[in-house]
Number of protein chains: 2
Amino acid sequence: MATKEERPQVLENREEPKEEGELPLVVVLRSKNFNLPLEDRLQSHFHLLDPNDSPDESTESFLSRHAHSARALLCVGLTPLTADTIGLLPSLELVVGSSAGVEHIDLHECRRRGIMVTSASAAFSEDAADYAVALLIDVLRRIAAADRFVRGRLWPVKGEHPLGFKLGGKRVGIVGLGNIGSQIAKRLVAFGCSIAYNSRKKKPSVPFPYYANVGDLAANSDVLIVSCALTEDTHHIINKDVMTALGKEGVIINVGRGPLVDEKELVQFLVRGEIGGAGLDVFENEPDVPKELFKLDNVVLSPHCAVVTLESFAALQDLVMANLKAFFSNKPLVSLVQNE
Amino acid sequence: MATKEERPQVLENREEPKEEGELPLVVVLRSKNFNLPLEDRLQSHFHLLDPNDSPDESTESFLSRHAHSARALLCVGLTPLTADTIGLLPSLELVVGSSAGVEHIDLHECRRRGIMVTSASAAFSEDAADYAVALLIDVLRRIAAADRFVRGRLWPVKGEHPLGFKLGGKRVGIVGLGNIGSQIAKRLVAFGCSIAYNSRKKKPSVPFPYYANVGDLAANSDVLIVSCALTEDTHHIINKDVMTALGKEGVIINVGRGPLVDEKELVQFLVRGEIGGAGLDVFENEPDVPKELFKLDNVVLSPHCAVVTLESFAALQDLVMANLKAFFSNKPLVSLVQNE
């Protein structure tokens, strides 16, 4: 279902593969069952050190024995990169992330050691924004519930499905106006929504109203879309007070990370009808989802897949490759995280 | 869930109610069980003649006895307005439709008699466009299927939900670029889609490529969105040849009318995997939906509710009222159908 003529461009490797001994070392950190289709392409350019290739040995022992001189590490998916692991890599200068967020990487330790970190948010931002918009319309118009209604053979029995709510004219507050949030805003403007946002700092080039306080943003919004990074500061940024400020008819969409929202409170607000609905791609204890939500038609539930399409995987490969190549040729990194 | 401060404007009636005898007559044609919340507002401006108010009498007898001098008729929802019924109304000059399409109204007979027809498509076009876009993203990204996956407790068991497809870059062919189709185009441009269209005539003011033939449009599209009026010419406009031209990865979205698509063929194409997916708000024999579709995860099913929200009902009331008031004050109608 990629476009017939315009399939995503994948950078072609026109160079001859080099001998393994000449290739720069890249440590690959991934959980055992997570096979990202990245390694094939990387292998002709880099000597990959993957602890999973030595199943009889611990990761620690493998890294201590083989990765002493490795200058770069590819962190696959949301595999935690701890200070202890970083401590096993004395030559490490670069961590290439392959996810939109980088909260699983110990940024303090990277900063202390002067290790650069890149994120893959640029590869995923359009997909995540598309998904956020679709979740929002789905909640307002009850589309997943409508599909259940039809599949459950209820249409001939009950006749009418409950009315939904219009997207146009809604005041949408975006929490975190980074790559993803900006793409969400661009889309929702075309639907006739008015946009406002909260982020750490006001963005001078952005035309939308800025709220320094999320509670104030909620009080002036019909919808909150959560698309910020998960940090100590943003943990439970959507708390009880914010939900109260959003109000009975308000909708919360979360395509960021589960712990950005106080999930226990959210469940209570939804069950008691104190907010209008929610579209959730992420949860605090994935893959566990609070079972109270399974009964609600004003909630859309999704298994953390907002950022992932066949096409974004291709874009991810390009981005990882581009960052590693830039690093080993002493050129500027493509998607450096500002780790201040 | 209407916006807190910007609830849809409803034209207020600041005039004093007139005596019933002075009010212009308006026949209301509706099916018995369909109560549109329109009549309360109309009653202070018009003397409504509703055959349902005389349950012991046939519609024919009621109209013959009471509606001889009625110049206007409000046709509620998709209630058929036949030449026979029109024949009972010798003074009829205006039919006010309250649905987006007017194929349930005998347009031949109206043309022959010089009766004007208005549609309510303007009140519904934004909602229908929102819904079409959401159905498209839902099909590409498998959102309803993802919701089923989570509610069915499959996430902890199966781990990953199948990858979806990206919307950006897709070539979307819109069949029928009227009120609804134009709103769909405007939205999809913001997602990075390229747009082309088919309609009876090329529209000079439209920047998108025009295809006079739907098969040619399909051959050059990844997605077809069907949003044209149902007429003799457009019945089964999406037929076997069009589906073949669209191809194995193509997606069909129908927010128009069921009979625009050859449903039997569509089911076969979907079951055999000869097209990529479908988002269907309308069906040929509503409320019956082909049961073969209930098993498919690349299909989203919806009970003909793309145009209906609480807000669009308010807009509909305004539009019906505006057309009737314009007619009885000899002013131009607000949403006259070109009945050529």
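The figures that follow rest on heavy atoms only: side chains count, while hydrogens, waters and symmetry mates do not. Letters go in sequence order (proteins before strands), and every chain restarts at 1.
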- Query: How far does CD1 of B:Ile143 sit from CD1 of A:Ile143, to the nearest 0.5 angstrom?
  - Reply: 8.5 Å

- Least distance between heavy atoms, A:Leu301 atom then B:Asp147 atom: N-OD1, 2.8 Å

- Query: At what distance, to the nearest 0.5 angstrom, does CG of A:Leu167 lie from CZ of B:Arg187?
  - Reply: 7.5 Å

- Query: For the candidates B:Ala146, B:Gly152, B:Ala145, which exhibits the highest count of non-hydrogen atom pairs separated by less than 4.5 Å from chain A?
  - Reply: B:Ala146

- Task: Check each atom of A:Val307 against the heavy atoms of chain B and say whether the ones under 4.5 Å are side chain, backbone, both or neither.
- Result: backbone

- Of the listed residues (A:Arg148, A:Gln183, A:Glu126, A:Lys295), which shares the most heavy-atom pairs with chain B below a 4.5 Å separation? A:Arg148

- Message: Counting heavy-atom pairs closer than 4.5 Å to chain A, which one of B:Lys291, B:Glu286, B:His304 comes out on top?
- Response: B:Glu286

- Residue part contacting chain A, namely of B:Phe124, when any heavy atom lies under 4.5 Å: neither

- Among the options B:Leu296, B:Leu154, B:Val223, B:Val189, pick out the one with the most heavy-atom pairs lying under 4.5 Å from chain A. B:Leu296

- Is there a side-chain contact (heavy atoms from CB on, under 4.5 Å) between B:Leu310 and A:Phe165 once you walk through the steps? CA-CA 6 Å; B:Leu310 287 171; A:Phe165 301 89; 3.2 Å; yes

- B:Lys166 and A:Asp127: which non-hydrogen atoms are nearest, and at how many Å? CG-OD1, 3.1 Å

- Residues B:Arg141 and A:Val308: closest non-hydrogen pair is NH2-O, 3.6 Å

- Heavy-atom contact with chain A under 4.5 Å, split by part of B:Phe149: side chain

- Query: Which heavy-atom pair separates B:Gly168 from A:Asp130 by the least distance, and what is that distance?
  - Reply: N-OD2, 4.1 Å

- Message: With chain B as the partner, which of A:Val133, A:Val300, A:Val150 has the greatest number of non-hydrogen pairs under 4.5 Å?
- Response: A:Val150

- Of B:Lys186, B:Glu160, B:His161, the largest count of non-hydrogen pairs under 4.5 angstrom with chain A goes to B:Lys186

- Query: Any idea which of B:Pro303, B:Ala129, B:Ala306 has the most non-hydrogen atom pairs under 4.5 angstrom with chain A?
  - Reply: B:Pro303

- Note on the structure: Honestly, the part of A:Ser312 sitting under 4.5 Å from a heavy atom of chain B is neither

- Task: Examine whether an atom of A:Val289 lies under 4.5 Å from a heavy atom of chain B, and if so say whether it belongs to the side chain, the backbone or both; otherwise answer neither.
- Result: side chain

- Query: Which atom pair, heavy atoms only, marks the closest approach of B:Leu293 to A:Arg151?
  - Reply: O-NH1, 3.8 Å

- Task: Determine the minimum heavy-atom distance between A:Trp155 and B:Ser302, stating which atoms define it.
- Result: CZ3-O, 4.3 Å

- chain A contacts, top residue of B:Ala134, B:Gly164, B:Ala144 (heavy-atom pairs, under 4.5 Å): B:Gly164

